[in-house]
Amino acid sequence: MIPQEKSAAVTRGLREAFGVTAFEDIQMLTRGLSSALVFRIVVRGSPFLLRIIVRTDSTTARHFACMKEAAEAGLAPHVRYTSIEDRISITDFVEAVPFPVTEALVRMPAALRTLHALPPFPRVENHLNTTCMFLINKGTALDGFIQGFQAANILPKGESEELFARYAQVAAVYPHHDPDMVSSHNDLFKPDNILFDGQRVWLVDWEAAFLNDRYADLAVVANYVVTNDAEEKVYLQEYF
């Protein structure tokens, strides 16, 4: 189940984290949209999450650093082991239960408030931000996205022209304030990255974490939990 080329690296991780060289059980987790290989492993009778990053880009160091900061703040599961060279991490496993929207309306802005108050994550220039805040930040990533979108002819010509006219209006007036640039998760539009164990919220999958506009995380989560003006007031009052 574990790729042969990663077997020795996983063994090293198990030895350093737990003093063993094998797990007692393993199950591949297929939920979510991550490109990584994710497994639930059992070591000494307890479950843990083994993550094997198969991409070969240079984001692993930032990913692990942000994840560790979040874990120390109680936002991410406890980190047992990481190896930047091997692109492997082992963390505690969260047994998730359904997350009632009424709970999320209060708990999620509180979690984001804690996240955004962390020491600044690394700044990533010209990054195609998965939260769509990249539409506000000019650069080659944005230029390439727009060119690809237009070339794909996804929308009729008239609708595409209207879309980019609206984009230009937003980009021209959107305020850029340095205090709004905070440590951000940037991938919470995937529900599987928000876990609730019945007592507390956990945020997982920190590959896209970096310094970003606070309203990116806030807006993405609001799309799940805010349905009217009264709920919006509760949500924003809890955050601010």
Side-chain angles (χ1 to χ4, degrees), residues 1-97 99 115 121-122 124-131 134 140-141 144-145 148 183-197 201-210:
M1 189 174 294
I2 292 177
Q4 184 176 359
E5 66 273 16
K6 292 291 186 179
S7 179
V10 171
T11 299
R12 282 194 295 273
L14 293 172
R15 184 184 298 112
E16 290 194 29
F18 308 109
V20 301
T21 57
F23 41 74
E24 296 147 28
D25 188 41
I26 184 170
Q27 175 186 359
M28 176 176 276
L29 304 181
T30 57
R31 292 184 60 188
L33 301 175
S34 174
S35 61
L37 301 176
V38 184
F39 303 90
R40 179 187 185 273
I41 61 173
V42 175
V43 181
R44 293 181 171 175
S46 297
F48 299 92
L49 191 83
L50 168 65
R51 186 182 188 87
I52 301 175
I53 300 172
V54 295
R55 294 188 324 201
T56 57
D57 56 30
S58 59
T59 64
T60 306
R62 170 173 51 81
H63 168 190
F64 287 170
C66 294
M67 179 176 67
K68 288 178 179 178
E69 280 198 50
E72 290 174 3
L75 291 168
H78 180 65
V79 178
R80 302 284 177 166
Y81 173 81
T82 61
S83 170
I84 296 173
E85 181 181 359
D86 292 327
R87 295 184 171 85
I88 285 176
S89 67
I90 301 174
T91 65
D92 284 359
F93 184 85
V94 176
E95 298 286 357
V97 301
F99 196 1
L115 167 61
F121 284 174
V124 177
E125 301 295 341
N126 205 28
H127 183 80
L128 194 62
N129 185 344
T130 54
T131 62
F134 68 88
T140 56
F145 172 82
S183 296
S184 302
H185 186 284
N186 300 317
D187 208 6
L188 297 177
F189 73 93
K190 301 175 185 176
D192 290 330
N193 289 341
I194 302 171
L195 304 178
F196 182 57
D197 65 6
V201 175
W202 302 96
L203 306 181
V204 299
D205 192 352
W206 292 84
E207 287 186 72
F210 55 85

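- Between I41 and L14, the closest side-chain pair of non-hydrogen atoms falls below 4.5 Å.
- The closest side-chain heavy-atom distance from I90 to V43 is not below 4.5 Å.
- Here the side chains of L115 and F121 are in contact, with some heavy-atom distance below 4.5 Å.
- Residues F99 and V201 are in side-chain contact: their nearest non-hydrogen atoms beyond the backbone lie under 4.5 Å apart.
- When every heavy atom of T21 is checked against every heavy atom of R15, the shortest pair comes out as CG2-NH2, 3.8 Å.
- Using a 4.5 Å heavy-atom cutoff, the side chains of R51 and D205 are in contact.
- Residues R55 and E207 come closest through the heavy atom pair NH2-OE1, 3.1 Å.
- In plain terms, the two heavy atoms of V97 and D197 that are nearest each other are CG2-C, 3.7 Å.
- Between P77 and V204, the closest side-chain pair of non-hydrogen atoms falls below 4.5 Å.
- At a threshold of 4.5 Å between non-hydrogen side-chain atoms, the residues E24 and R44 count as touching.
- Between the side chain of R62 and the backbone N or O of P122, no donor-acceptor pair lies under 3.5 Å.
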So L50 and I2, side-chain contact (heavy atoms from CB on, under 4.5 Å) or not? Walk me through it. CA-CA 10 Å; L50 168 65; I2 292 177; 3.9 Å; yes
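- No donor-acceptor distance shorter than 3.5 angstrom exists from the side chain of H63 to the backbone of I84, with no hydrogens or angles considered.
- Interatomic distance, L75 CG to C66 SG, rounded to the nearest 0.5 Å: 12.0 Å.
- Counting all heavy atoms, side chain and backbone alike, D86 lies closest to K6 at O-NZ, 2.7 Å.
- When every heavy atom of F93 is checked against every heavy atom of L49, the shortest pair comes out as CD1-CD1, 3.9 Å.
- Closest non-hydrogen pair, P3 versus I52, comes out as CD-CD1, 4.4 Å.
- Separating the OG1 atom in T60 from the CE atom in M67 is a distance of 10.5 Å, to the nearest 0.5 Å.
- For F23 and F39, the distance between ring centers is not under 6.0 angstrom.
- For the side-chain contact (heavy atoms from CB on, under 4.5 Å) test with W202, the passing option among L195, D92, N193 is L195; the others fail.
- Side chains of S83 and R12 form no contact here, defined as non-hydrogen atoms less than 4.5 Å apart.
- Residue E85 places its CD atom among 12 or fewer non-hydrogen atoms of other residues, nucleotides or ligands, all under 6.0 Å distant.
- Checked by atom type and distance alone, the side chain of N186 pairs as donor or acceptor with a backbone atom of A208 at under 3.5 Å.
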